[in-house]
Number of protein chains: 2
Amino acid sequence: MKSKLNPHISVDIVIFGFDAKSLKVLLVERTFHDSVRRKSIKDLKLPGSLVFERETLDHAAYRILKQLTGLDQIYLDQFAVFDSPERTKRKMDRAWLQATTGIKIGRIITVAYYSLIQFDRANGQLAHLKQKAHWTEIGDIHKLPFDHNDIIDYGLEHLREKIRSEPIALELLPKKFTLRQLQDLYEVLLNYDMDNRNFRKKIHRLGYFTALNEIEKSVNHKPARLYKFDKAKYRKIRKESVSFLP
Amino acid sequence: MKSKLNPHISVDIVIFGFDAKSLKVLLVERTFHDSVRRKSIKDLKLPGSLVFERETLDHAAYRILKQLTGLDQIYLDQFAVFDSPERTKRKMDRAWLQATTGIKIGRIITVAYYSLIQFDRANGQLAHLKQKAHWTEIGDIHKLPFDHNDIIDYGLEHLREKIRSEPIALELLPKKFTLRQLQDLYEVLLNYDMDNRNFRKKIHRLGYFTALNEIEKSVNHKPARLYKFDKAKYRKIRKESVSFLP
DNA sequence: ACAAAAGTGTTTTGAATACACCCATGT
DNA sequence: ACATGGGTGTATTCAAAACACTTTTGT
(Lines give C-alpha, C1' and ligand atoms only; values in the text may rest on other atoms or scores of the structure.)
Protein backbone atom coordinates (compact mmCIF):
# COMPACT_ATOMS: atom_id res chain seq x y z
CA MET A 1 0.00 0.00 0.00
CA LYS A 2 1.32 3.38 -0.98
CA SER A 3 1.74 5.72 1.95
CA LYS A 4 1.52 9.50 1.94
CA LEU A 5 4.29 11.85 2.99
CA ASN A 6 3.90 13.47 6.37
CA PRO A 7 4.49 17.16 5.65
CA HIS A 8 5.60 17.96 9.22
CA ILE A 9 8.56 15.68 9.71
CA SER A 10 11.72 15.22 7.74
CA VAL A 11 15.05 13.51 8.07
CA ASP A 12 18.41 14.98 7.07
CA ILE A 13 21.70 13.13 6.99
CA VAL A 14 25.25 14.33 7.31
CA ILE A 15 27.17 11.68 5.42
CA PHE A 16 30.85 11.80 6.29
CA GLY A 17 33.64 10.42 4.19
CA PHE A 18 37.40 10.43 4.61
CA ASP A 19 39.96 10.52 1.87
CA ALA A 20 43.64 11.31 1.93
CA LYS A 21 43.68 13.37 5.11
CA SER A 22 40.51 15.23 4.35
CA LEU A 23 37.07 14.96 5.85
CA LYS A 24 34.21 15.34 3.43
CA VAL A 25 30.45 15.60 3.53
CA LEU A 26 28.19 14.34 0.78
CA LEU A 27 25.90 17.10 -0.51
CA VAL A 28 23.25 16.84 -3.20
CA GLU A 29 22.33 19.35 -5.83
CA ARG A 30 19.08 21.20 -5.55
CA THR A 31 17.85 22.44 -8.90
CA PHE A 32 14.47 23.93 -9.54
CA HIS A 33 12.72 26.76 -11.22
CA ASP A 34 11.56 29.44 -8.82
CA SER A 35 8.34 30.44 -10.54
CA VAL A 36 7.78 33.46 -8.31
CA ARG A 37 11.12 35.01 -9.10
CA ARG A 38 11.34 33.42 -12.53
CA LYS A 39 14.82 32.16 -11.91
CA SER A 40 16.54 28.82 -12.10
CA ILE A 41 18.21 27.85 -8.87
CA LYS A 42 21.03 25.38 -8.48
CA ASP A 43 22.81 24.89 -5.19
CA LEU A 44 23.80 22.23 -2.65
CA LYS A 45 21.99 20.84 0.36
CA LEU A 46 22.13 17.93 2.77
CA PRO A 47 20.48 14.75 1.56
CA GLY A 48 17.10 14.43 3.24
CA SER A 49 13.46 13.69 2.77
CA LEU A 50 10.06 14.01 4.31
CA VAL A 51 8.95 10.89 6.12
CA PHE A 52 6.09 8.69 4.96
CA GLU A 53 3.05 8.41 7.19
CA ARG A 54 3.76 4.81 8.11
CA GLU A 55 7.53 4.95 8.04
CA THR A 56 9.93 5.17 10.97
CA LEU A 57 12.57 7.86 10.98
CA ASP A 58 15.36 5.30 10.87
CA HIS A 59 13.73 3.71 7.88
CA ALA A 60 13.54 7.03 6.10
CA ALA A 61 17.21 7.63 6.81
CA TYR A 62 18.24 4.25 5.45
CA ARG A 63 16.00 4.78 2.46
CA ILE A 64 17.84 7.99 1.62
CA LEU A 65 21.24 6.37 2.11
CA LYS A 66 20.33 3.43 -0.06
CA GLN A 67 18.94 5.56 -2.82
CA LEU A 68 21.94 7.85 -2.79
CA THR A 69 24.83 5.44 -2.34
CA GLY A 70 23.39 2.07 -3.25
CA LEU A 71 24.67 0.73 0.05
CA ASP A 72 23.01 -1.02 2.97
CA GLN A 73 24.45 -1.60 6.41
CA ILE A 74 25.81 1.85 6.80
CA TYR A 75 26.67 3.35 10.16
CA LEU A 76 23.90 5.75 11.12
CA ASP A 77 23.32 7.71 14.29
CA GLN A 78 20.49 10.05 15.18
CA PHE A 79 21.88 13.06 16.98
CA ALA A 80 19.41 15.91 17.25
CA VAL A 81 16.15 17.47 16.23
CA PHE A 82 16.15 20.81 14.47
CA ASP A 83 12.85 22.44 15.09
CA SER A 84 13.06 26.19 14.97
CA PRO A 85 9.81 27.51 13.47
CA GLU A 86 12.03 29.87 11.47
CA ARG A 87 14.01 27.18 9.72
CA THR A 88 11.67 26.96 6.72
CA LYS A 89 11.15 30.66 6.48
CA ARG A 90 13.40 31.74 3.61
CA LYS A 91 11.48 32.48 0.43
CA MET A 92 13.76 30.47 -1.79
CA ASP A 93 13.55 27.43 0.46
CA ARG A 94 9.77 27.65 0.60
CA ALA A 95 9.65 27.88 -3.16
CA TRP A 96 11.82 24.80 -3.46
CA LEU A 97 9.69 22.83 -1.01
CA GLN A 98 6.58 23.81 -2.91
CA ALA A 99 8.15 22.89 -6.23
CA THR A 100 9.48 19.48 -5.18
CA THR A 101 6.80 18.18 -2.85
CA GLY A 102 3.74 19.78 -4.36
CA ILE A 103 2.40 19.84 -0.81
CA LYS A 104 1.63 23.04 1.03
CA ILE A 105 4.35 23.18 3.66
CA GLY A 106 4.26 24.98 6.97
CA ARG A 107 6.65 24.22 9.77
CA ILE A 108 8.90 21.20 9.27
CA ILE A 109 10.74 19.57 12.10
CA THR A 110 13.76 17.65 10.95
CA VAL A 111 15.51 14.82 12.69
CA ALA A 112 19.22 14.86 11.97
CA TYR A 113 21.47 11.84 11.54
CA TYR A 114 25.09 11.45 10.74
CA SER A 115 26.42 8.56 8.79
CA LEU A 116 29.91 7.24 8.16
CA ILE A 117 30.82 5.64 4.90
CA GLN A 118 33.92 4.36 3.33
CA PHE A 119 34.70 7.09 0.89
CA ASP A 120 34.90 5.33 -2.42
CA ARG A 121 32.35 2.55 -1.93
CA ALA A 122 29.54 4.89 -2.96
CA ASN A 123 31.20 6.57 -5.87
CA GLY A 124 30.05 4.09 -8.49
CA GLN A 125 26.43 4.77 -7.74
CA LEU A 126 26.94 8.50 -7.25
CA ALA A 127 28.13 8.87 -10.82
CA HIS A 128 24.81 7.62 -12.18
CA LEU A 129 22.33 9.53 -10.06
CA LYS A 130 19.79 11.85 -11.58
CA GLN A 131 20.16 14.08 -8.55
CA LYS A 132 23.86 14.88 -8.65
CA ALA A 133 25.84 14.52 -5.43
CA HIS A 134 29.25 15.90 -4.47
CA TRP A 135 31.75 15.12 -1.78
CA THR A 136 32.58 18.49 -0.27
CA GLU A 137 35.52 19.06 2.02
CA ILE A 138 34.35 20.17 5.41
CA GLY A 139 36.23 23.45 5.20
CA ASP A 140 34.83 24.28 1.77
CA ILE A 141 31.16 24.16 2.58
CA HIS A 142 29.50 27.48 1.94
CA LYS A 143 26.09 28.73 2.90
CA LEU A 144 23.54 25.97 2.58
CA PRO A 145 19.74 26.20 2.58
CA PHE A 146 17.60 25.91 5.71
CA ASP A 147 19.75 25.34 8.79
CA HIS A 148 21.91 22.75 7.06
CA ASN A 149 25.15 24.43 8.08
CA ASP A 150 24.14 24.19 11.72
CA ILE A 151 23.21 20.56 11.26
CA ILE A 152 26.65 19.75 9.85
CA ASP A 153 28.48 21.64 12.59
CA TYR A 154 26.51 20.00 15.33
CA GLY A 155 26.80 16.59 13.68
CA LEU A 156 30.57 16.90 13.56
CA GLU A 157 30.60 17.83 17.23
CA HIS A 158 28.63 14.70 18.00
CA LEU A 159 30.93 12.58 15.91
CA ARG A 160 33.94 14.02 17.75
CA GLU A 161 32.40 13.15 21.08
CA LYS A 162 31.43 9.70 19.94
CA ILE A 163 34.85 8.65 18.68
CA ARG A 164 36.28 9.35 22.12
CA SER A 165 34.46 6.37 23.49
CA GLU A 166 33.81 4.11 20.53
CA PRO A 167 35.91 3.01 17.59
CA ILE A 168 33.33 4.03 15.01
CA ALA A 169 35.80 6.14 13.08
CA LEU A 170 36.87 2.89 11.46
CA GLU A 171 33.67 2.98 9.44
CA LEU A 172 35.38 5.67 7.42
CA LEU A 173 38.36 3.52 6.47
CA PRO A 174 38.60 0.55 4.15
CA LYS A 175 38.66 -2.89 5.77
CA LYS A 176 42.43 -3.03 5.47
CA PHE A 177 44.27 0.09 6.44
CA THR A 178 47.66 1.30 7.58
CA LEU A 179 48.29 2.75 11.00
CA ARG A 180 49.21 5.98 9.33
CA GLN A 181 45.76 6.20 7.74
CA LEU A 182 44.21 5.54 11.12
CA GLN A 183 46.28 8.22 12.77
CA ASP A 184 45.54 10.72 9.99
CA LEU A 185 41.86 10.03 10.46
CA TYR A 186 41.97 10.71 14.18
CA GLU A 187 44.06 13.79 13.68
CA VAL A 188 41.57 15.21 11.22
CA LEU A 189 38.57 14.37 13.34
CA LEU A 190 39.98 15.59 16.61
CA ASN A 191 41.89 18.39 15.01
CA TYR A 192 45.23 17.89 16.68
CA ASP A 193 48.45 16.01 16.01
CA MET A 194 49.49 12.90 17.84
CA ASP A 195 52.87 11.40 18.57
CA ASN A 196 53.40 8.59 16.11
CA ARG A 197 55.22 6.22 18.47
CA ASN A 198 52.72 6.69 21.25
CA PHE A 199 49.84 6.27 18.86
CA ARG A 200 51.14 2.94 17.62
CA LYS A 201 51.87 1.77 21.13
CA LYS A 202 48.32 2.56 22.12
CA ILE A 203 46.87 0.76 19.13
CA HIS A 204 48.85 -2.33 19.97
CA ARG A 205 47.92 -2.13 23.62
CA LEU A 206 44.22 -1.88 22.79
CA GLY A 207 44.49 -5.38 21.44
CA TYR A 208 41.73 -5.37 18.86
CA PHE A 209 43.68 -4.23 15.86
CA THR A 210 45.34 -7.13 14.17
CA ALA A 211 48.24 -6.91 11.79
CA LEU A 212 47.78 -8.68 8.50
CA ASN A 213 50.48 -10.39 6.48
CA GLU A 214 50.05 -7.80 3.82
CA ILE A 215 51.69 -4.55 2.99
CA GLU A 216 50.85 -1.53 0.90
CA LYS A 217 51.64 -1.77 -2.80
CA SER A 218 53.34 0.69 -5.07
CA VAL A 219 54.19 3.53 -2.80
CA ASN A 220 57.54 5.18 -3.29
CA HIS A 221 58.71 4.66 0.24
CA LYS A 222 58.86 1.80 2.67
CA PRO A 223 55.46 0.13 2.35
CA ALA A 224 53.35 0.02 5.49
CA ARG A 225 51.80 -3.07 7.01
CA LEU A 226 48.03 -3.38 6.72
CA TYR A 227 45.81 -3.87 9.76
CA LYS A 228 42.22 -4.77 10.34
CA PHE A 229 39.82 -4.03 13.16
CA ASP A 230 38.76 -7.17 15.00
CA LYS A 231 35.18 -6.52 16.04
CA ALA A 232 34.80 -9.70 18.05
CA LYS A 233 37.93 -9.00 20.07
CA TYR A 234 36.81 -5.44 20.58
CA ARG A 235 33.53 -6.50 22.10
CA LYS A 236 35.32 -8.88 24.43
CA ILE A 237 38.01 -6.51 25.55
CA ARG A 238 35.97 -3.37 25.81
CA LYS A 239 35.82 -2.28 29.36
CA GLU A 240 33.95 0.66 30.70
CA SER A 241 36.18 3.42 31.86
CA VAL A 242 34.84 6.54 33.45
CA SER A 243 36.75 9.68 32.76
CA PHE A 244 34.95 11.99 35.11
CA LEU A 245 34.79 9.78 38.14
CA PRO A 246 36.05 6.39 39.37
CA MET B 1 -1.50 35.65 19.87
CA LYS B 2 -2.81 32.26 20.89
CA SER B 3 -1.21 29.42 18.99
CA LYS B 4 -2.72 26.05 18.13
CA LEU B 5 -1.32 22.71 19.20
CA ASN B 6 0.50 20.75 16.52
CA PRO B 7 -1.09 17.30 16.73
CA HIS B 8 1.95 15.50 15.26
CA ILE B 9 4.71 16.41 17.66
CA SER B 10 4.99 16.04 21.40
CA VAL B 11 7.63 16.34 24.06
CA ASP B 12 8.07 13.94 26.99
CA ILE B 13 10.41 14.45 29.90
CA VAL B 14 12.08 11.98 32.23
CA ILE B 15 12.58 14.05 35.35
CA PHE B 16 15.14 12.44 37.62
CA GLY B 17 15.48 13.06 41.32
CA PHE B 18 17.77 11.57 43.94
CA ASP B 19 16.95 11.06 47.57
CA ALA B 20 18.66 8.98 50.21
CA LYS B 21 20.37 6.53 47.91
CA SER B 22 17.45 6.13 45.59
CA LEU B 23 16.91 7.36 42.07
CA LYS B 24 13.40 8.50 41.28
CA VAL B 25 11.43 9.63 38.28
CA LEU B 26 8.57 12.10 38.45
CA LEU B 27 5.38 10.66 36.98
CA VAL B 28 2.02 12.36 36.64
CA GLU B 29 -1.41 10.90 37.08
CA ARG B 30 -3.55 10.35 34.04
CA THR B 31 -7.25 10.26 34.92
CA PHE B 32 -10.05 10.26 32.43
CA HIS B 33 -13.29 8.60 31.58
CA ASP B 34 -13.03 6.14 28.75
CA SER B 35 -16.39 6.72 27.14
CA VAL B 36 -16.08 3.76 24.78
CA ARG B 37 -15.50 1.27 27.52
CA ARG B 38 -17.46 3.28 30.11
CA LYS B 39 -14.70 3.03 32.64
CA SER B 40 -12.71 5.51 34.68
CA ILE B 41 -8.99 5.19 34.16
CA LYS B 42 -6.31 6.34 36.56
CA ASP B 43 -2.67 5.54 36.01
CA LEU B 44 0.75 7.12 35.70
CA LYS B 45 2.66 8.51 32.75
CA LEU B 46 5.62 10.68 31.91
CA PRO B 47 4.99 14.40 31.98
CA GLY B 48 4.62 15.63 28.43
CA SER B 49 2.62 17.72 26.04
CA LEU B 50 1.92 18.39 22.43
CA VAL B 51 3.88 21.32 21.05
CA PHE B 52 2.29 24.58 19.96
CA GLU B 53 2.54 25.52 16.31
CA ARG B 54 4.93 28.36 16.97
CA GLU B 55 6.78 26.88 19.90
CA THR B 56 10.22 25.28 19.90
CA LEU B 57 10.62 21.85 21.42
CA ASP B 58 12.93 23.20 24.12
CA HIS B 59 10.35 25.78 24.99
CA ALA B 60 7.67 23.14 25.30
CA ALA B 61 9.93 21.13 27.59
CA TYR B 62 10.64 24.10 29.84
CA ARG B 63 6.96 24.98 29.85
CA ILE B 64 6.12 21.53 31.18
CA LEU B 65 8.86 21.68 33.79
CA LYS B 66 7.78 25.08 34.97
CA GLN B 67 4.16 24.16 35.20
CA LEU B 68 4.91 20.96 37.07
CA THR B 69 7.65 22.01 39.45
CA GLY B 70 7.43 25.79 39.54
CA LEU B 71 11.13 25.93 38.75
CA ASP B 72 13.15 27.62 36.03
CA GLN B 73 16.76 26.98 35.12
CA ILE B 74 16.51 23.26 35.29
CA TYR B 75 18.99 20.96 33.63
CA LEU B 76 17.42 19.63 30.46
CA ASP B 77 18.84 17.47 27.70
CA GLN B 78 17.21 16.20 24.54
CA PHE B 79 18.24 12.61 23.96
CA ALA B 80 16.09 10.87 21.37
CA VAL B 81 13.04 10.81 19.18
CA PHE B 82 10.46 8.09 19.64
CA ASP B 83 8.60 7.68 16.42
CA SER B 84 7.27 4.20 15.97
CA PRO B 85 3.96 4.48 14.14
CA GLU B 86 2.71 1.86 16.63
CA ARG B 87 3.36 3.93 19.71
CA THR B 88 -0.09 5.52 19.79
CA LYS B 89 -1.91 2.38 18.85
CA ARG B 90 -3.31 1.09 22.14
CA LYS B 91 -7.04 1.71 22.48
CA MET B 92 -6.83 3.13 25.95
CA ASP B 93 -4.09 5.57 24.97
CA ARG B 94 -6.03 6.72 21.94
CA ALA B 95 -9.10 7.25 24.08
CA TRP B 96 -7.06 9.31 26.51
CA LEU B 97 -5.57 11.45 23.75
CA GLN B 98 -9.01 12.04 22.33
CA ALA B 99 -10.42 12.91 25.74
CA THR B 100 -7.67 15.33 26.77
CA THR B 101 -6.80 17.09 23.53
CA GLY B 102 -10.15 17.02 21.78
CA ILE B 103 -8.14 16.80 18.57
CA LYS B 104 -8.29 13.84 16.25
CA ILE B 105 -4.90 12.23 16.71
CA GLY B 106 -3.04 10.02 14.29
CA ARG B 107 0.63 9.31 14.57
CA ILE B 108 2.52 11.32 17.16
CA ILE B 109 6.26 11.63 17.15
CA THR B 110 7.65 12.49 20.54
CA VAL B 111 10.95 14.11 21.35
CA ALA B 112 12.32 12.85 24.64
CA TYR B 113 14.25 14.87 27.20
CA TYR B 114 15.68 14.05 30.53
CA SER B 115 15.92 16.55 33.29
CA LEU B 116 17.76 16.59 36.60
CA ILE B 117 16.29 18.30 39.58
CA GLN B 118 17.19 18.62 43.18
CA PHE B 119 14.70 16.29 44.75
CA ASP B 120 12.90 18.45 47.26
CA ARG B 121 12.94 21.81 45.52
CA ALA B 122 9.84 20.92 43.57
CA ASN B 123 7.86 19.31 46.30
CA GLY B 124 6.14 22.47 47.47
CA GLN B 125 4.57 23.03 44.10
CA LEU B 126 3.86 19.35 43.49
CA ALA B 127 1.59 19.22 46.54
CA HIS B 128 -0.74 21.84 45.03
CA LEU B 129 -1.12 20.62 41.49
CA LYS B 130 -4.46 19.69 40.02
CA GLN B 131 -2.73 16.98 38.05
CA LYS B 132 -1.14 14.91 40.81
CA ALA B 133 2.48 13.92 40.43
CA HIS B 134 4.51 11.24 42.19
CA TRP B 135 8.19 10.54 42.61
CA THR B 136 8.55 6.90 41.70
CA GLU B 137 11.64 4.89 42.45
CA ILE B 138 13.24 3.68 39.27
CA GLY B 139 12.88 0.05 40.24
CA ASP B 140 9.18 0.41 41.11
CA ILE B 141 7.93 1.73 37.82
CA HIS B 142 5.37 -0.60 36.32
CA LYS B 143 3.87 -0.66 32.87
CA LEU B 144 3.29 2.86 31.63
CA PRO B 145 1.22 4.06 28.67
CA PHE B 146 2.61 4.52 25.16
CA ASP B 147 6.32 3.68 25.04
CA HIS B 148 7.07 5.58 28.22
CA ASN B 149 8.94 2.67 29.80
CA ASP B 150 11.30 2.59 26.83
CA ILE B 151 11.78 6.33 27.08
CA ILE B 152 12.78 6.07 30.73
CA ASP B 153 15.17 3.18 30.12
CA TYR B 154 16.85 4.89 27.23
CA GLY B 155 16.97 8.19 29.11
CA LEU B 156 18.74 6.55 32.01
CA GLU B 157 21.24 5.02 29.62
CA HIS B 158 21.95 8.46 28.22
CA LEU B 159 22.32 9.93 31.66
CA ARG B 160 24.79 7.18 32.57
CA GLU B 161 26.86 7.94 29.52
CA LYS B 162 26.74 11.65 30.12
CA ILE B 163 27.94 11.57 33.72
CA ARG B 164 31.07 9.77 32.58
CA SER B 165 32.26 12.91 30.90
CA GLU B 166 30.47 15.76 32.62
CA PRO B 167 29.70 16.52 36.24
CA ILE B 168 26.00 17.02 35.64
CA ALA B 169 25.03 14.54 38.33
CA LEU B 170 25.52 17.41 40.75
CA GLU B 171 22.26 18.87 39.51
CA LEU B 172 20.62 16.15 41.55
CA LEU B 173 22.23 17.18 44.85
CA PRO B 174 21.65 20.24 47.02
CA LYS B 175 24.19 23.07 46.70
CA LYS B 176 25.97 21.83 49.79
CA PHE B 177 26.54 18.13 50.03
CA THR B 178 28.76 15.59 51.72
CA LEU B 179 31.20 13.42 49.82
CA ARG B 180 29.21 10.43 50.98
CA GLN B 181 26.10 11.78 49.24
CA LEU B 182 28.13 12.35 46.10
CA GLN B 183 29.52 8.84 46.19
CA ASP B 184 26.08 7.34 46.84
CA LEU B 185 24.77 9.24 43.87
CA TYR B 186 27.43 7.90 41.53
CA GLU B 187 27.02 4.41 42.88
CA VAL B 188 23.29 4.49 42.21
CA LEU B 189 23.65 5.98 38.77
CA LEU B 190 26.46 3.74 37.61
CA ASN B 191 25.22 0.77 39.53
CA TYR B 192 28.44 -0.31 41.16
CA ASP B 193 30.31 0.36 44.39
CA MET B 194 33.39 2.47 44.65
CA ASP B 195 36.27 2.46 47.06
CA ASN B 196 35.70 5.28 49.51
CA ARG B 197 39.34 6.32 49.88
CA ASN B 198 40.00 6.32 46.18
CA PHE B 199 36.79 8.18 45.54
CA ARG B 200 37.73 10.98 47.93
CA LYS B 201 41.23 11.13 46.56
CA LYS B 202 39.85 11.56 43.07
CA ILE B 203 37.44 14.26 44.14
CA HIS B 204 40.26 16.21 45.72
CA ARG B 205 42.49 15.70 42.74
CA LEU B 206 39.82 16.99 40.37
CA GLY B 207 40.21 20.31 42.09
CA TYR B 208 36.77 21.79 41.54
CA PHE B 209 35.06 20.58 44.65
CA THR B 210 35.70 22.92 47.52
CA ALA B 211 35.31 22.08 51.16
CA LEU B 212 33.15 24.46 53.15
CA ASN B 213 33.63 25.40 56.78
CA GLU B 214 30.42 23.68 57.58
CA ILE B 215 29.44 20.26 58.74
CA GLU B 216 26.29 18.19 58.80
CA LYS B 217 23.95 18.78 61.72
CA SER B 218 22.17 16.32 63.97
CA VAL B 219 23.34 13.02 62.68
CA ASN B 220 24.11 10.38 65.27
CA HIS B 221 27.62 9.75 64.10
CA LYS B 222 30.62 11.85 63.23
CA PRO B 223 29.22 14.69 61.11
CA ALA B 224 30.61 15.03 57.61
CA ARG B 225 32.08 18.14 56.08
CA LEU B 226 30.01 19.86 53.41
CA TYR B 227 31.35 20.57 49.95
CA LYS B 228 30.26 22.61 47.00
CA PHE B 229 30.90 22.31 43.29
CA ASP B 230 32.89 25.22 41.93
CA LYS B 231 31.57 25.76 38.43
CA ALA B 232 34.10 28.44 37.52
CA LYS B 233 37.03 26.28 38.57
CA TYR B 234 35.55 23.37 36.71
CA ARG B 235 35.41 25.26 33.46
CA LYS B 236 38.99 26.38 33.90
CA ILE B 237 40.42 23.02 34.81
CA ARG B 238 38.42 20.88 32.47
CA LYS B 239 40.71 19.38 29.95
CA GLU B 240 39.72 17.12 27.17
CA SER B 241 40.78 13.59 27.67
CA VAL B 242 40.15 10.94 25.11
CA SER B 243 39.43 7.53 26.42
CA PHE B 244 39.46 5.60 23.22
CA LEU B 245 42.56 7.08 21.66
CA PRO B 246 45.41 9.45 22.50
C1' DA C 1 30.52 2.40 76.31
C1' DC C 2 28.72 1.61 72.09
C1' DA C 3 26.98 2.22 67.40
C1' DA C 4 27.59 4.52 63.16
C1' DA C 5 29.66 6.64 59.67
C1' DA C 6 33.74 10.05 58.66
C1' DG C 7 38.11 10.41 57.36
C1' DT C 8 42.93 9.16 56.29
C1' DG C 9 48.16 6.90 53.60
C1' DT C 10 50.98 3.64 51.27
C1' DT C 11 52.23 0.50 47.76
C1' DT C 12 51.90 -1.42 43.21
C1' DT C 13 50.73 -1.48 38.53
C1' DG C 14 50.14 0.37 34.17
C1' DA C 15 49.00 4.17 30.98
C1' DA C 16 50.44 8.71 29.12
C1' DT C 17 53.93 11.52 27.50
C1' DA C 18 58.28 13.16 25.65
C1' DC C 19 61.77 12.32 22.59
C1' DA C 20 65.48 10.75 17.83
C1' DC C 21 67.16 7.52 14.76
C1' DC C 22 67.52 3.58 11.37
C1' DC C 23 64.90 1.00 7.64
C1' DA C 24 62.76 -0.37 3.23
C1' DT C 25 61.13 0.97 -0.94
C1' DG C 26 60.69 3.62 -5.71
C1' DT C 27 62.84 6.74 -8.71
C1' DA D 1 72.20 7.94 -3.93
C1' DC D 2 68.45 10.17 -2.38
C1' DA D 3 63.79 11.19 -1.00
C1' DT D 4 59.92 9.53 1.48
C1' DG D 5 57.41 7.94 4.97
C1' DG D 6 57.59 3.31 8.04
C1' DG D 7 58.76 1.63 12.17
C1' DT D 8 60.98 1.19 16.79
C1' DG D 9 62.59 1.84 22.73
C1' DT D 10 63.40 4.13 27.07
C1' DA D 11 62.75 7.00 30.97
C1' DT D 12 59.53 9.80 33.64
C1' DT D 13 55.35 11.17 35.56
C1' DC D 14 50.87 10.41 37.25
C1' DA D 15 46.46 8.13 37.83
C1' DA D 16 44.06 3.81 39.28
C1' DA D 17 43.41 0.23 42.35
C1' DA D 18 43.90 -2.51 46.44
C1' DC D 19 43.66 -2.41 51.15
C1' DA D 20 42.38 -1.38 57.32
C1' DC D 21 42.32 1.43 61.07
C1' DT D 22 41.40 5.67 63.99
C1' DT D 23 38.25 9.61 64.93
C1' DT D 24 34.10 12.02 66.15
C1' DT D 25 29.62 12.42 67.20
C1' DG D 26 24.75 11.02 69.44
C1' DT D 27 22.52 7.94 72.44
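In the text below, chain A, chain B and the rest are named by the order of the sequence lines, each starting its count at 1.
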S.K.: B/Phe119 and ring-ring contact (aromatic ring centres under 6.0 Å, His included): which partner among B/Trp135, B/Phe177, B/Phe18?
M.R.: B/Trp135
S.K.: Considering only nitrogen or oxygen atoms on both sides, find all protein atoms under 3.5 Å from nucleotides 8-12 of chain C and state each distance.
M.R.:
| from | atom 1 | to | atom 2 | distance (Å) |
| --- | --- | --- | --- | --- |
| C/dT10 | O4 | B/Lys201 | NZ | 2.8 |

S.K.: Would you list the pairs meeting salt bridge (charged side-chain N to carboxylate O under 4.0 Å, His left out) in which at least one residue belongs to residues 114-141 of chain A, sequence neighbours left out?
M.R.: none
S.K.: Can you check the A/Glu216 CD to C/dG26 P distance for me, whole Å?
M.R.: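 After rounding, the gap between these two atoms is 11 Å.
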S.K.: B/Arg200: which residues meet the salt bridge (Lys or Arg N to Asp or Glu O under 4.0 Å) condition with it, sequence neighbours left out?
M.R.: none
S.K.: Whole angstroms only, please: what is the CG-P distance between B/Leu182 and C/dA5?
M.R.: 18 Å
S.K.: Just how far, in rounded Å, is P of C/dA4 from CG of B/Asp184?
M.R.: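 In whole Å, C/dA4 P and B/Asp184 CG are 17 Å from each other.
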S.K.: Which pairs, protein N/O on one side and nucleotides 21-27 of chain D N/O on the other, fall under 3.5 Å?
M.R.:
| from | atom 1 | to | atom 2 | distance (Å) |
| --- | --- | --- | --- | --- |
| D/dT24 | O2 | B/Lys222 | N | 3.2 |

S.K.: Atom CZ of A/Arg225 and atom C1' of D/dG5: how far apart are they, to the nearest Å?
M.R.: 16 Å
S.K.: Above 12 or not: heavy atoms from other molecules or residues under 6.0 Å from NZ of A/Lys21?
M.R.: no
S.K.: Using the rule given for side chain to side chain donor-acceptor pair (under 3.5 Å), can you reason through A/Tyr208 versus A/Asp230, listing the C-alpha separation, both sets of side-chain angles and the distance that settles it, and then say yes or no?
M.R.: CA-CA 5 Å; A/Tyr208 43 81; A/Asp230 186 333; over 6 Å; no
S.K.: If you count heavy atoms of other groups shown closer than 6.0 angstrom to NE2 of B/His59, is the number above 12?
M.R.: no
S.K.: Grab the CD1-C1' distance between A/Ile203 and C/dA16 for me, whole Å please.
M.R.: 14 Å
S.K.: Can you tell me how far P of C/dA5 sits from CD of B/Gln183, to the nearest Å?
M.R.: 13 Å
S.K.: Between D/dG7 atom P and A/Lys202 atom NZ, what is the distance in whole Å?
M.R.: 20 Å
S.K.: Please check if the side chain of B/Gln125 supplies one atom and the backbone of B/Gln67 the other of a donor-acceptor pair under 3.5 Å.
M.R.: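 Side chain of B/Gln125 to backbone of B/Gln67, a donor-acceptor pair under 3.5 Å: yes, one is there.
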S.K.: How close or far is atom P of D/dA18 from atom CE of B/Met194, stated in whole angstroms?
M.R.: 13 Å
S.K.: Checking B/Ala112 now: which residues fulfil side-chain contact (heavy atoms from CB on, under 4.5 Å) with it, not counting sequence neighbours?
M.R.: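 Checked B/Ala112 against side-chain contact (heavy atoms from CB on, under 4.5 Å); matches are B/Phe79, B/Phe82, B/Ile151.
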S.K.: Applying salt bridge (charged side-chain N to carboxylate O under 4.0 Å, His left out) as the test, list every pair that has at least one member in residues 207-225 of chain A; sequence neighbours left out.
M.R.: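 Every pair satisfying salt bridge (charged side-chain N to carboxylate O under 4.0 Å, His left out) with a residue in residues 207-225 of chain A: A/Lys176-A/Glu214.
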